[in-house]
Amino acid sequence: MVAPLDEPLFFELTRPQPLLIVLSGPSGVGKDTVLQALKKRNLPLHFVVTATDRPPRPGEVDGVDYIFVSREEFERMIAADEMLEYAVVYGDYKGVPKAQIRQALASGKDVILRVDVQGAARLRALCPEAVLIFLAPANVQEWYQRLINRHSETPETLQRRIEAVRRELTYLDMFDYVVINRQDHLEQAVDQIVAIIQVEHLRVHPRRITL
Ligand SMILES: Nc1nc2c(ncn2[C@@H]2O[C@H](COP(=O)(O)OP(=O)(O)O)[C@@H](O)[C@H]2O)c(=O)[nH]1
Ligand SMILES: Nc1ncnc2c1ncn2[C@@H]1O[C@H](COP(=O)(O)OP(=O)(O)O)[C@@H](O)[C@H]1O
């Protein structure tokens with residue numbers, strides 16, 4: 001007996017499972033720029049705002065780029081177990097407030113956040129079904145020039161980022177995807193991340209986020 005042709009097939013009945021997408025990669029590769037471009041695509045994506053005790057850079061907005069807090073406040077949040085994940089990154093605290101990730105996952109949308117490779121490793125351990133995307137430069141020279149041209153660092157903070165990059169590249173094997181953010185081809189990188197999200201939603205066995 002064949003089901004009536006107008007009856008939805010079983011796979012149309014499964015509610016799409018929201019993804020937890022983790023974008024990582026070396027300083028200056030273009031994570032924030034890619035996320036800003038992704039926001040302009042108006043996809044059903046919830047962008048998690050993470051916390052830091054680093055002072056805001058010119059143009060950075062509290063509650064949008066980061067939740068900017070003092071070192072004392074950050075350490076209070078750690079002690080109060082308010083952080084899902086945190087790390088010292090290039091000398092500053094960075095962390096994912098549990099409240100932020102809960103609010104994001106409750107939205108029913110795909111959730112995306114950008115963390116350093118330490119954060120990506122921690123989120124892989126906490127949530128094996130997260131989708132980890134490594135944003136890479138086309139080559140070290142392009143990466144270095146991009147970081148310098150951003151004019152965001154003091155000699156000390158620049159040196160920390162340069163010293164970190166070799167170690168950060170060794171984390172690649174832990175990731176699910178690598179996207180190259182080529183010089184002056186930003187939209188190509190964004191297209192690839194959109195494609196990853198689309199394909200991840202076509203899995204016969206959807207990733208189930210447990211956090
Ligand atoms: N582990 C972790 N890293 C984070 C978090 N938020 C931001 N980061 C990362 O911290 C690193 C330093 O960020 P930032 O100080 O803005 O410097 P930038 O990477 O040079 O722009 C970047 O790789 C960010 O992706 C977080 O909540 N946890
Ligand atoms: N594809 C690209 N081509 C050229 N410049 C880029 C590209 N992506 C990002 N940038 C620039 O590189 C610098 C670093 O980007 P940013 O998003 O701050 O990196 P991250 O968030 O990974 O530290 C910024 O000045 C940004 O405008």
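Read the numbers this way: they start at 1 and go in the same order the structure lists the ligands and their atoms.
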Test item: side-chain donor near acceptor, Q141 and N139, under 3.5 Å
no
Nearest neighbour in protein (non-hydrogen) for atom 28 (N) of ligand 1:
E85 OE1, 2.9 Å
Of all the atoms in ligand 1, which lie at a distance below 4.0 Å from a heavy atom belonging to G119?
1 (N)
Quick test of your reading of the structure: of E168, R150, K31, whose heavy atom lies closest to atom 21 (O) of ligand 1?
R150
Are more than 12 heavy atoms, taken from residues, nucleotides or ligands other than H185, located less than 6.0 Å from that residue's NE2 atom?
no
Atoms in ligand 2 flagged as close to K31, the criterion being non-hydrogen separation under 4.0 Å:
17 (O), 19 (O), 20 (P), 21 (O), 22 (O), 23 (O)
Atoms of ligand 2 less than 4.0 Å from P26 heavy atoms?
22 (O)
State whether E168 and R161 are salt-bridged, where the test is any N-O pair (Lys NZ or Arg NE/NH1/NH2 against Asp/Glu carboxylate O) under 4.0 Å.
no
Return yes if a side-chain donor-acceptor contact under 3.5 Å exists between Y90 and E153, otherwise no.
no
Using heavy-atom distances, let me know which of M83, R160, R114 sits nearest atom 25 (O) of ligand 1.
R114
Sub-4.0 Å heavy-atom contact, V96 with ligand 1
yes
Please check if the number of heavy atoms outside R203 that lie under 6.0 Å from its CZ is greater than 12.
yes
Looking only at protein heavy atoms, which one is nearest to atom 5 (C) of ligand 1, and how far off is it?
K94 CB, 3.5 Å
Proximal atoms of ligand 2 relative to T33 (non-hydrogen, under 4.0 Å)
9 (C), 15 (O), 16 (P), 17 (O), 26 (C), 27 (O)
For Y86 and F74, take the angle between the two ring planes, folded into 0 to 90°, and tell me which bin it lands in: parallel under 30, tilted 30 to 60, perpendicular over 60.
perpendicular
In the protein, which heavy atom is nearest to atom 6 (N) of ligand 1, and how far is it?
T50 OG1, 2.8 Å
Below 4.0 Å from any atom of ligand 1, is there a heavy atom belonging to Y66?
yes
Assess whether a salt bridge exists between E163 and R160, defined as any Lys/Arg side-chain N lying under 4.0 Å from an Asp/Glu carboxylate O.
no
Is there a continuous path of hydrophobic side-chain contacts, each under 4.5 Å between heavy atoms, that joins V194 to V199?
no
Top protein contact for atom 18 (O) of ligand 2, by heavy-atom distance:
R150 NH1, 2.8 Å
Heteroatom distance test (Y86, ligand 1): nitrogen or oxygen, under 3.5 angstrom
no
Which ligand 2 atoms does R182 reach within 4.0 Å, using its non-hydrogen atoms?
1 (N), 2 (C), 3 (N)
Might you confirm whether atom CZ of R124 has over 12 heavy atoms from other residues, nucleotides or ligands at distances under 6.0 Å?
yes
Within ligand 1, which atoms have a heavy atom of R54 less than 4.0 Å away?
14 (P), 15 (O), 16 (O)
Would you mind finding which of Q145, Q188, R161, Q183 brings a heavy atom closest to atom 4 (C) of ligand 2?
Q183
Number the atoms of ligand 2 from 1 as they appear, then name those within less than 4.0 Å of a heavy atom of L186, with their elements.
1 (N)
Output the list of atoms in ligand 1 that are nearer than 4.0 Å to some heavy atom of Y90, sorted by atom number.
11 (C), 12 (C)
Which protein heavy atom lies closest to atom 11 (C) of ligand 1, and at what distance to 0.1 Å?
V89 CG1, 3.5 Å
Within-shell test, R161 vs ligand 1, heavy atom, strictly < 4.0 Å:
yes
Option whose closest heavy atom lies nearest to atom 3 (N) of ligand 2, chosen from N181, V34, D184:
D184
Could you tell me the residue and atom name of the protein heavy atom closest to atom 2 (C) of ligand 1, and the distance to it rounded to 0.1 Å?
D116 OD1, 3.5 Å
For G25 and ligand 2, answer yes if some heavy atom of the residue is under 4.0 Å from a ligand atom, otherwise no.
no
Face-on cation placement of R114 at Y66 ring, 6.0 Å and 45° thresholds:
yes
